[in-house]
Amino acid sequence: MAATVRRQRPRKLACWVLMAVLLADLLALSDTLAVMSVDLGSESMKVAIVKPGVPMEIVLNKESRRKTPVTVTLKENERFFGDTAAGMAIKNPKATLRYFQHLLGKQADNPHVALYRARFPEHELSFDPQRQTVYFQISPQLQFSPEEVLGMILNYSRSLAEDFAEQPIKDAVITVPAFFNQAERRAVLQAARMAGLKVLQLINANTATALSYGVFRRKDINATAQNIMFYDMGSGSTVCTIVTYQTVKTKEAGMQPQLQIRGVGFDRTLGGLEMELRLREHLAGLFNEQRKGQRAKDVRENPRAMAKLLREANRLKTVLSANADHMAQIEGLMDDVDFKAKVTRAEFEELCADLFERVPGPVQQALQSAEMSLEIEPVILVGGATRVPKVQEVLLKAVGKEELGKNINADEAAAMGAVYQAAALSKAFKVKPFVVRDAVVYPILVEFTREVEDEPGVRSLKHNKRVLFSRMGPYPQRKVITFNRYSHDFNFHINYGDLGFLGPEDLRVFGSHNLTTVKLKGVGESFKKYPDYESKGIKAHFNLDESGVLSLDRVESVFETLVEDSPEEESTLTKLGNTISSLFGGSTTPDTKENGTDAVQEEEESPAEGTKDEPGEQAEFKEEAEAPVEDTSQTPPLEPKEDTPEGEKPPEKESGDKSEAQKSNEKGEAEPEGGPPAPEEEKKQKPARKQRMVEEIGVELVVLDLPDLPEDELARSVQKLEDLTFRDLEKQEREKAANSLEAFIFETQDKLYQPEYQEVSTEEQREEISGKLSAASTWLEDEGFGATTVMLKEKLAELRKLCQGLFFRVEERKKWPERLSALDNLLNHSSMFLKGARLIPEMDQIFTEVEMTTLEKVVNETWAWKNATMAEQSQLPAPKDIEAKMMALDREVQYLLNKAKFAKPRPRPRDKNGNRTEPPLNASASDQGEKITPPAGHTEDAKPISEPEKVETRSEPKDTEPLELGGPGVDSEQEQPTRQKRPLKNDEL
């Protein structure tokens with residue numbers, strides 16, 4: 001029996017653990033009932049939210065617009081975002097930052113940094129020697145890195161979403177261009193961390209667009225593959241994507257739609273911004289020609305004038321998309337000189353002729369990466385720059401189609417797809433499954449060097465390369481590489497693979513081809529620790545997560561040996577682990593043993609999925625280092641033994657023993673616990689079992705492409721942004737207080753001349769209030785600029801206290817008719833209740849004479865006060881004590897009602913026959929002692945003969961329960977004329 005109790009304890013403990021986990025999840029869900037997405041474009045961003053009752057809605061900004069400029073103006077004491085900051089670009093171009101995403105993850109010698117300086121010479125970019133990057137130097141006191149500026153934008157987008165959702169939001173999905181490499185993606189994640197956002201996923205903008213397209217056309221997707229091309233030309237870049245839609249069978253939900261990215265092509269600098277810059281340069285030349293003989297300065301040297309020209313070029317590009325020509329007009333462009341010039345669409349197309357020649361480039365790249373010809377159905381246009389007619393004309397010729405698809409919201413598709421993914425990843429929502437298989441744009445490989453023996457006694461170094469994630473392979477996925485010929489500490493390198501598909505200019509912009517150097521420590525010690533075990537290699541576990549960011553999860557040294565089973569009793573920890581596994585749907589079978597104890601071996605034997613050159617890659621791994629690859633597009637099942645630290649290896653061994661015991665249980669060979677042991681012959685016949693030991697290896701990572709911010713630097717950046725946010729909130733609070741004070745002054749001064757306020761105040765009172773208001777208005781104009789928030793609130797509180805009596809009298813006068821009517825009703829019902837209480841027979845009376853006298857006194861006093869007040873109403877303002885009178889009267893009535901509610905009927909005396917004496921049914925207060933004699937042939941229980949119909953009183957509703965004042969003998973169907981109708985309860989008055 002004791003053994004049975006011990007077996008139950010782990011299960012009970014596991015149940016408590018499971019309940020605690022579920023409770024923690026529920027508590028976490030209470031704070032994250034809304035999620036958001038940010039479609040972060042070069043010029044503008046779109047924010048979308050999902051919350052209970054609001055499915056997939058685009059957030060409106062403070063100007064009620066659906067898209068917000070990605071612009072921030074930074075001054076010494078204030079910040080501006082969105083449309084306000086875009087307007088400030090004309091007045092203060094140096095402090096207004098835009099298109100800064102082009103600097104993310106770039107070192108100072110990157111060609112994009114030089115291009116940014118050429119496009120926006122008003123910005124001062126300083127060099128950061130620690131990270132070899134650049135930052136914005138706005139003033140000697142103000143300097144911000146591109147990650148910090150992006151963090152401000154993300155924090156502002158969250159504030160817009162929270163205002164729209166009316167609740168806090170922490171979880172977000174952020175879109176990034178498909179061509180972002182590892183350094184650029186890590187920079188976006190760092191910016192989100194500075195903003196305090198929990199990033200559920202960095203989703204590629206083209207994938208989000210394809211997801212939005214598929215979600216709204218779910219019914220059109222079937223088992224037949226459909227290839228669709230999305231051509232996205234935005235402000236800063238162009239991306240072409242080939243997507244395959246079809247239904248696939250999933251383990252969890254059966255047949256579900258799936259999108260798979262088949263091919264991607266891009267141009268980092270082809271977009272609407274470059275067209276606007278060409279137009280700006282053209283307009284600047286026209287303005288200089290108009291002032292050629294006036295010895296004027298070049299307009300290009302004036303940052304404000306160039307900002308005006310860029311804004312006009314943006315407007316001109318939009319207008320020329322629908323018109324053949326348009327007049328460019330800028331008032332006071334420079335030195336108070338107006339500018340006016342006519343620009344035709346032909347001139348615009350001539351200026352951008354080389355740009356239009358680059359339009360087919362991404363299409364060809366996408367087809368090559370997908371290894372497809374033009375086997376695509378529609379070509380869908382996405383992005384604002386695709387509205388340029390020449391772009392559509394050139395693209396139509398490149399794809400050889402009759403028309404281009406425009407049946408998608410070109411501006412909001414990515415935001416809607418990203419917010420759908422956010423809802424799918426969040427625990428607070430349940431959405432219809434839609435399988436997303438994104439593709440790796442840049443291949444990643446592992447390089448290592450080891451000694452080989454070419455001839456007896458002659459050793460040399462051999463450099464090896466193993467493709468870790470191939471180009472256009474699906475992700476997220478995990479892979480394991482095994483190094484079998486190392487018994488001491490060694491290093492290996494993680495680099496990008498073949499980037500020959502990029503042009504020379506793109507390769508220079510791409511940056512470093514080397515990602516990380518991994519230094520392993522503790523390999524030799526692990527071999528010394530298990531000298532009698534056979535080494536199964538050094539296994540490195542890699543993870544390319546949903547955001548496309550590569551990480552090295554762990555490195556392990558695995559050993560294996562053959563051991564015989566021992567009849568050891570299971571430990572409590574092992575039982576607890578097995579119980580938890582069974583709660584999550586697992587079972588302890590021979591398969592379970594292989595998945596638990598032999599988990600790493602399963603990873604070695606699993607073939608690579610989704611890669612195009614699987615056989616060659618797998619064979620290459622086996623040939624050189626016997627390094628198998630695990631490639632799964634979904635998260636692998638829970639394998640606790642694989643993540644078990646070194647100190648928890650004995651439970652792992654016991655788990656294997658338990659599996660063997662259960663295996664023998666299935667065959668009927670094992671005896672119940674406490675029974676006789678197995679014979680010696682059976683023990684000898686059992687085969688030896690493989691025991692696996694895993695030793696954790698120390699890892700030192702040396703980042704080579706772009707170092708991440710150190711933790712102390714990141715903490716300082718977070719604090720800097722928090723201080724700026726707190727300063728902005730203080731400024732908003734002060735402006736709100738100043739506006740409230742000013743509005744109160746003007747409104748109250750206007751009210752003093754209204755009749756309803758003059759009726760309840762004297763001339764002296766109004767003059768006093770008016771004088772105080774005028775003084776406060778003068779103080780606000782003279783000294784209010786330097787006043788603090790506390791001073792403004794105190795001044796407002798002082799004025800409100802001064803006018804409180806006046807406002808109260810006005811409100812009382814407005815409510816006087818309504819309250820007077822309520823008092824009349826209360827008095828009438830109270831009087832009726834008092835009369836009814838006095839008519840109760842003495843035998844059934846539940847109220848004392850003192851109680852009824854007290855109620856009668858209160859009723860009479862209230863009647864007298866009301867009559868006196870009505871007589872004086874014309875001379876005095878509305879009285880303040882009507883509420884007190886009503887409360888006093890209501891209190892007395894309520895007391896008697898509660899007493900009647902809980903009163904019990906008195907016991908009645910018995911007659912000579914032992915029957916209780918009942919008062920007559922229709923007895924009144926004057927004839928309570930009379931007895932009605934029933935006619936002959938009728939029993940005592942027969943109803944008395946009803947009297948002739950008297951004057952009819954108002955009947956009660958059928959569903960209203962009458963007040964039983966007369967006790968159980970009162971008949972509710974017949975009443976004497978003297979019987980009053982029941983008094984209403986207090987809540988019915």
Side-chain angles (χ1 to χ4, degrees), residues 40 42-45 61-63 65 68-104 116-117 119-128 133-160 163 191 194-196 301-311 314 332 334 713 716-739 783-792:
L40 201 60
S42 298
E43 181 179 2
S44 61
M45 66 178 177
N61 59 17
K62 296 179 180 179
E63 290 78 17
R65 297 181 58 188
T68 305
V70 182
T71 308
V72 55
T73 299
L74 301 171
K75 292 186 176 182
E76 294 293 338
N77 298 320
E78 55 187 349
R79 294 184 302 174
F80 300 98
F81 294 95
D83 293 290
T84 306
M88 294 291 294
I90 306 299
K91 301 178 181 178
N92 196 345
K94 182 179 181 181
T96 302
L97 307 180
R98 46 187 174 173
Y99 302 105
F100 49 83
Q101 302 96 311
H102 300 168
L103 302 178
L104 291 172
Y116 189 88
R117 283 194 173 102
R119 288 175 169 179
F120 308 101
E122 62 272 15
H123 296 313
E124 181 181 350
L125 296 179
S126 300
F127 177 69
D128 181 5
T133 58
V134 295
Y135 59 88
F136 293 98
Q137 187 74 45
I138 298 174
S139 68
Q141 293 78 23
L142 288 180
Q143 55 186 27
F144 298 97
S145 65
E147 291 85 356
E148 291 173 340
V149 179
L150 180 58
M152 298 179 195
I153 292 294
L154 292 176
N155 191 31
Y156 176 68
S157 68
R158 182 176 66 174
S159 67
L160 293 178
D163 292 342
M194 294 177 187
E301 299 176 1
N302 191 318
R304 291 187 178 182
M306 293 301 288
K308 293 179 182 179
L309 287 174
L310 183 59
R311 184 177 63 178
N314 180 284
M334 190 175 69
E713 290 288 337
R716 280 196 289 269
S717 296
V718 171
Q719 187 62 42
K720 184 195 296 187
L721 297 191
E722 288 180 354
D723 293 342
L724 291 175
T725 302
F726 181 73
R727 188 190 68 183
D728 292 344
L729 292 177
E730 281 189 335
K731 179 189 174 187
Q732 294 175 7
E733 189 68 19
R734 186 197 172 280
E735 291 177 350
K736 183 179 179 181
N739 292 337
E783 304 177 15
F785 181 77
T788 62
T789 305
V790 177
M791 295 172 62
L792 294 170

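Throughout, numbering of the chain's residues begins at 1 and tracks the sequence. Values reported hereafter were calculated over all heavy atoms of this structure, with side chains retained and with hydrogens, waters and symmetry mates removed.
In this structure a side-chain-to-backbone donor-acceptor pair under 3.5 Å is missing from Arg98 to Ala89. In terms of modelled atom types and a separation under 3.5 Å, the side chain of Gln137 and the main chain of Ser139 share a donor-acceptor contact. At distances below 3.5 Å, not a single donor-acceptor pair connects side-chain atoms of Arg158 with backbone N or O atoms of Ile153. Listed for the Arg117 side chain is no donor-acceptor partner under 3.5 Å among the backbone atoms of Glu122.
Looking at Arg311 and Asn314, their side chains never bring a donor and an acceptor atom within 3.5 Å of each other. A donor and an acceptor atom, one from each side chain of Asp728 and Gln732, are nowhere located under 3.5 Å apart. Residues Ser717 and Glu148 have side chains that bring a donor and an acceptor to within less than 3.5 angstrom of each other. A side-chain donor-acceptor contact under 3.5 Å links Asn155 and Thr725.
In this structure, CD in Glu78 is found 11.0 Å from OG1 in Thr84, a value given to the nearest 0.5 Å.
Contact check for Phe136 versus Leu74: no side-chain heavy atoms found under the 4.5 Å cut-off. Between His102 and Ser42 there is a side-chain heavy-atom pair separated by less than 4.5 Å. Taking the side chain as every heavy atom from C-beta outward, Tyr116 and His123 approach each other to under 4.5 Å. Between Tyr135 and Phe127 there is no side-chain heavy-atom pair separated by less than 4.5 Å. Proximity of Thr71 to Leu97: side-chain heavy atoms (C-beta onward) are nowhere separated by under 4.5 Å. A 4.5 Å side-chain heavy-atom check between Thr96 and Phe120 finds every atom pair outside the cut-off.
Residues Arg727 and Glu730 are not paired through a salt bridge, judged by the lack of any N-O separation under 4.0 Å between the basic side chain and the carboxylate.
Note: Tyr156 and Phe81 meet the aromatic proximity criterion, with ring centroids under 6.0 Å apart.
Scored by the side-chain hydrogen bond (donor to acceptor under 3.5 Å, both in side chains) test, Arg119 finds Glu274 as partners (sequence neighbours excluded).
Counting only residues at least two apart or in different chains, ring-ring contact (aromatic ring centres under 6.0 Å, His included) contacts with residues 717-738 are absent.
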